[in-house]
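In what follows, chains carry the letters A, B, and so on, assigned in the order in which the sequence lines appear, proteins first and then strands, with residues in each chain numbered from 1.
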Protein chains: 6
Amino acid sequence: MSRRIVILNPNSTVAVTDGISRAVEPLRLADGPEIAALTLEEGPPGIESQSDADAIVAPLLARLRREPAAAYVIACFSDPGLAAARDSLTAPVFGIAESAMATAMTLGERFGVVAILPASVPRHRRYVRTLGLSSRFADSMPVGLGVTELADKAATLARMAEVGRRLRDERGADVLIMGCAGMAGQRDALARATGLPVVEPCQAATAAALGAVLLAP
Amino acid sequence: MSRRIVILNPNSTVAVTDGISRAVEPLRLADGPEIAALTLEEGPPGIESQSDADAIVAPLLARLRREPAAAYVIACFSDPGLAAARDSLTAPVFGIAESAMATAMTLGERFGVVAILPASVPRHRRYVRTLGLSSRFADSMPVGLGVTELADKAATLARMAEVGRRLRDERGADVLIMGCAGMAGQRDALARATGLPVVEPCQAATAAALGAVLLAP
Amino acid sequence: MSRRIVILNPNSTVAVTDGISRAVEPLRLADGPEIAALTLEEGPPGIESQSDADAIVAPLLARLRREPAAAYVIACFSDPGLAAARDSLTAPVFGIAESAMATAMTLGERFGVVAILPASVPRHRRYVRTLGLSSRFADSMPVGLGVTELADKAATLARMAEVGRRLRDERGADVLIMGCAGMAGQRDALARATGLPVVEPCQAATAAALGAVLLAP
Amino acid sequence: MSRRIVILNPNSTVAVTDGISRAVEPLRLADGPEIAALTLEEGPPGIESQSDADAIVAPLLARLRREPAAAYVIACFSDPGLAAARDSLTAPVFGIAESAMATAMTLGERFGVVAILPASVPRHRRYVRTLGLSSRFADSMPVGLGVTELADKAATLARMAEVGRRLRDERGADVLIMGCAGMAGQRDALARATGLPVVEPCQAATAAALGAVLLAP
Amino acid sequence: MSRRIVILNPNSTVAVTDGISRAVEPLRLADGPEIAALTLEEGPPGIESQSDADAIVAPLLARLRREPAAAYVIACFSDPGLAAARDSLTAPVFGIAESAMATAMTLGERFGVVAILPASVPRHRRYVRTLGLSSRFADSMPVGLGVTELADKAATLARMAEVGRRLRDERGADVLIMGCAGMAGQRDALARATGLPVVEPCQAATAAALGAVLLAP
Amino acid sequence: MSRRIVILNPNSTVAVTDGISRAVEPLRLADGPEIAALTLEEGPPGIESQSDADAIVAPLLARLRREPAAAYVIACFSDPGLAAARDSLTAPVFGIAESAMATAMTLGERFGVVAILPASVPRHRRYVRTLGLSSRFADSMPVGLGVTELADKAATLARMAEVGRRLRDERGADVLIMGCAGMAGQRDALARATGLPVVEPCQAATAAALGAVLLAP
């Protein structure tokens with residue numbers, strides 16, 4: 001049990017959890033820790049606002065406390081409950097946005113965030129300040145697609161690529177972060193379309209958790 | 001109704017709410033807005049951790065939505081639910097920590113925060129970064145008294161004064177912020193003991209709310 | 001006398017003083033402090049440069065010292081003499097630019113300043129650094145109209161709205177500050193035209209002064 | 001070959017390379033990448049100055065170019081040649097100082113660096129600025145022991161613990177970084193002595209390299 | 001005339017002007033520009049407050065406009081009127097504090113300012129923010145001697161050395177700036193007493209002016 | 001010998017050294033220090049990458065140690081070996097990029113860098129962070145001409161002017177820095193074409209060296 005990494009998807013959409021699990025498949029090794037991707041059933045279908053993010057903190061913390069693990073990953077780009085989870089759990093806890101930004105710092109000078117919703121942009125800007133990374137931040141820009149349009153993978157990729165190129169050309173980004181969980185399948189295509197390295201946040205946080213577990217005292 | 005300011009104390013201790021209400025009494029004017037200090041019954045007796053703060057966001061938002069008002073004040077120094085409340089309410093919402101820091105900026109070069117618990121210090125440091133005010137921040141230091149000791153007002157004031165003087169002498173603070181709600185009664189004594197202006201956060205946020213209501217379009 | 005707020009317009013144009021006085025009318029309450037808007041007769045008709053701002057500091061300080069008050073507002077967006085006035089007066093002193101920026105911090109993530117003259121832009125950028133608010137600053141952009149054109153209210157509003165939209169769309173501003181005294185009459189129209197909250201600086205500083213006076217020890 | 005991580009110790013002391021290799025042993029997994037710790041024979045016995053660090057860049061780059069790998073780690077806390085290596089190699093390259101600081105950001109609010117030599121302190125301060133992490137940095141403080149004294153492990157640990165406690169108590173550090181390669185054996189003892197999490201930089205960078213290799217397109 | 005540098009001492013104490021003139025003597029070269037150190041007769045005997053600094057801006061600007069020169073130096077550590085002078089004169093204008101800080105950036109990682117009066121410290125902190133140099137600033141600390149004591153050169157040097165050592169040991173300064181005009185005679189002794197490079201601000205600004213004049217188009 | 005300034009061009013192109021020497025001709029005064037512009041024969045024909053810059057540090061340091069001087073200038077816009085040279089030489093050492101940025105701070109609010117190669121832009125952004133000058137930095141933009149095109153002076157100037165105007169209009173630069181050595185001949189034309197002051201980095205650093213030598217203890 002002490003070699004188990006728990007990734008908790010705080011929305012209730014199992015398909016998203018499954019996508020996250022596939023994204024971290026390369027981090028599952030024969031003699032490495034088990035990596036379990038779990039769904040917070042109490043969560044909403046998607047976390048689209050600060051209010052959604054705040055509302056799931058209490059059930060999220062309760063669930064984390066019930067799941068024994070050597071490390072935890074909170075798989076929502078708002079990093080809900082991250083500080084609280086660190087205060088109340090002894091195992092290390094990783095937030096996917098924080099880990100993505102820490103990883104991006106080692107891949108370029110300025111990271112840009114490809115957001116989904118326009119309403120997420122101020123949240124991203126605020127969080128970059130919280131982390132003290134303003135001088136490494138190009139900007140966050142939204143793809144601005146509705147739920148139906150996001151179901152169209154080709155259209156979504158096309159918009160993500162367009163936003164990625166604007167972050168590169170207008171804001172000077174030389175590394176991109178996918179600003180939500182569950183789109184890992186398009187990471188490599190986005191990298192090819194923009195010529196920039198792309199960080200998928202669930203992968204970044206789970207890789208950090210893997211290191212922490214392997215190196216634990 | 002459109003001229004009512006709602007201050008919501010998110011802990012369930014009515015004595016704290018009463019203290020807040022007394023602190024803002026000077027802001028109640030004959031032809032000014034009504035100022036109501038309310039208690040969130042669902043809250044814990046005190047908010048002592050990030051986890052406590054996160055846990056009350058959902059009931060806090062629900063309560064704010066039920067209370068018609070021209071402006072809201074969230075009366076906990078962690079500003080729990082502030083961003084979410086702003087997203088979901090049309091009236092302006094003020095957090096007491098944010099308002100205290102904005103006010104302190106007009107009273108000195110570097111503000112110091114007199115915290116109650118040692119565990120609050122990292123939270124204060126993180127929040128100062130969130131607000132982008134690192135270059136105006138002396139530091140946060142805790143008085144470090146237990147619940148019983150805090151009941152002794154003279155002892156508490158003595159410790160707050162000691163911390164205030166250390167912030168002044170060792171960290172260069174020239175204005176102090178009381179890092180919790182409900183201690184307004186000691187504001188003036190702390191100012192005299194340190195020779196520095198002291199910002200009481202519930203007063204700062206309610207004064208900001210008063211201005212916003214009076215000047216609303 | 002101890003309940004009087006003095007707003008000093010450091011230019012000699014009485015029409016500007018009258019506009020300021022009207023702008024703060026909602027802050028005059030039956031049992032609240034008197035709010036007097038005064039004109040510095042020694043000032044130039046308008047303060048258009050750093051040199052103009054510096055030149056009126058000495059008469060401005062002399063006048064403030066002669067006017068007994070419980071709080072002072074210096075009503076020029078360069079905040080001329082603010083630090084000096086604080087050093088030499090015991091009552092609190094508010095600068096309209098500083099107060100506007102402190103207020104804007106509670107209304108959005110990034111504030112943009114709608115300047116009148118192109119020459120003011122470097123001054124605004126410098127002052128934002130002085131306040132330590134660079135990470136909250138979108139930019140300052142000028143409307144760039146001459147004196148005659150400014151007399152045409154509709155044309156001025158149209159240009160202000162255009163600049164406000166550019167600050168919003170090109171620089172990410174989500175709150176605007178009117179970068180001069182005396183245009184309060186267009187605050188609400190500018191807010192409607194841009195969909196953003198707009199801070200009128202004389203109102204912001206006088207509201208802060210009102211809070212300070214009511215809460216004074 | 002594409003699943004090999006090369007760690008290059010740029011000093012010529014094989015005992016240091018061996019210590020690094022032991023430190024990353026937990027990251028060697030049955031079906032994970034090979035992790036090879038190599039010694040730059042052209043290097044000096046120890047890298048003690050900026051001049052030493054600069055002087056080994058050219059042979060270091062030449063050696064990296066000759067070693068096929070899926071990821072590289074430069075195992076000197078000055079991160080010599082990091083930017084140049086990234087420019088000229090297609091595989092990802094990690095510097096141990098950069099990776100240690102990125103990791104520390106996920107473990108605390110303010111990291112302190114336990115330096116060996118007093119002369120390293122300005123270099124650490126400069127590098128923190130280069131990374132844009134000033135607002136997360138407590139400080140760097142030297143243990144200040146000579147070569148002979150460093151051979152005494154108990155004495156070295158005692159001094160490291162003393163420095164760690166000063167960083168914690170005087171500068172507010174809540175996470176520590178060991179500011180040199182080759183002292184991994186004392187990581188856990190330093191953590192126990194200070195009560196703070198401790199980041200060993202070679203481990204941090206190699207864990208990052210492991211993640212990058214496993215997740216490569 | 002186009003090869004004349006005017007240094008204007010904005011206080012009326014001719015002995016200070018004479019000290020400045022001696023300090024810049026090494027910058028007077030056979031075929032270089034004339035360097036004239038002038039006294040602003042309208043100034044007070046010493047500039048001890050922001051109010052003093054603001055009050056002399058108008059006569060200072062008037063005097064500069066009357067003195068033809070290829071470059072100007074304003075010889076007061078508050079840099080009074082610097083921005084205004086730049087707006088209204090075509091020749092370059094240097095402030096001694098700004099030039100001292102720009103020079104210190106090339107001599108160390110963190111500069112400390114040896115202030116005379118305690119009241120100057122907040123002004124120095126504010127000005128460092130104005131210049132955007134917070135991450136290079138150790139702190140400002142006052143020697144805190146009265147006028148009579150300053151007349152005792154040995155006592156003054158002893159106090160300056162003590163303050164310099166505190167800036168070095170407690171705040172990490174590795175270069176010092178003398179925080180006032182007219183003490184150039186003690187520059188080298190202060191450097192010897194602290195082991196740190198010391199920047200004398202009138203020299204720094206006049207050297208910058210010399211370069212600007214020689215390199216003018 | 002103690003009054004000699006050595007400027008070392010770390011590339012092996014003598015024509016560049018000659019251009020530098022002509023650029024600093026106005027700083028050679030009858031009774032001032034000798035100013036010698038030397039070529040590092042071991043260098044490549046041009047320094048175009050971080051790798052090139054790092055590779056010449058060792059021979060550059062060796063050469064500087066062999067050249068007795070009262071001050072040194074490293075004449076490459078990457079400031080290669082600057083920190084190392086300062087550690088190992090007792091005379092002051094100036095880097096042309098650092099000196100250019102320190103000089104630009106006294107000429108405007110935000111400096112823009114006119115780079116030659118697109119690959120230099122991330123290096124410039126990183127270096128601005130190293131110096132702690134992010135809040136004064138507009139951006140770096142490349143002219144993007146190949147070697148053949150750079151030989152065409154009119155075409156180069158036209159592109160530099162275009163980049164300068166974009167830095168001014170799109171990024172708010174009000175002072176420009178030429179981001180490479182050896183183009184001093186176009187400084188004044190670039191200033192005329194953009195209406196902005198232009199800093200030539202070899203001139204800036206040599207002027208700083210001149211001041212340091214004349215004012216040495």
Worksheet item: Residues in side-chain hydrogen bond (donor to acceptor under 3.5 Å, both in side chains) with F:Glu170, at least two apart?
Response: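 side-chain hydrogen bond (donor to acceptor under 3.5 Å, both in side chains) check on F:Glu170 returns F:Arg166.
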Looking at side-chain heavy atoms only, is the closest gap between [X] and [Y] below 4.5 Å?
X	Y	result
E:Thr106	F:Val93	no
F:Met105	E:Met105	yes
E:Leu133	F:Leu133	yes

Worksheet item: What closest approach, in Å, do F:Gly211 and E:Ala207 show between heavy atoms, and which atom pair accounts for it?
Response: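 Between these two residues, the closest heavy atoms are CA-CB, 3.9 Å.
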Of the backbone (N, CA, C, O) and the side chain (C-beta and beyond), which part of [X] lies under 4.5 Å from a heavy atom of chain F, both, or neither?
X	result
E:Ala23	backbone
E:Ala191	neither
E:Ala30	both

Between [X] and chain E, which part of the residue has a heavy atom less than 4.5 Å away: side chain, backbone, both or neither?
X	result
F:Leu82	neither
F:Ala212	neither
F:Leu29	both

Worksheet item: Using non-hydrogen atoms and a limit below 4.5 Å, what part of residues 175-190 of chain E faces chain F?
Response: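 Within residues 175-190 of chain E, the residues under 4.5 Å from chain F are E:Arg187, E:Asp188.
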Discussion item. Using modelled atom types and a 3.5 Å cut-off, is there a donor and acceptor pairing between side-chain atoms of E:Arg136 and backbone atoms of F:Leu131?
Written reply: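 Judged by distance alone, yes, a pair lies under 3.5 Å.
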Fill in: Rounded distance (nearest 0.5 Å) linking atom CG of E:Leu210 with atom CG of F:Leu215
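Going from CG on E:Leu210 over to CG on F:Leu215, the span is 9.0 Å.
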Worksheet item: What's the spacing between E:Gln203 CD and F:Leu214 CG if we round to 0.5 Å?
Response: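 Spacing of CD (E:Gln203) from CG (F:Leu214) equals 10.5 Å.
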Discussion item. I need the residue from E:Glu109, E:Glu98, E:Met101 with the largest number of non-hydrogen atom pairs under 4.5 Å to chain F.
Written reply: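 Of the options given, most contacts go to E:Glu98.
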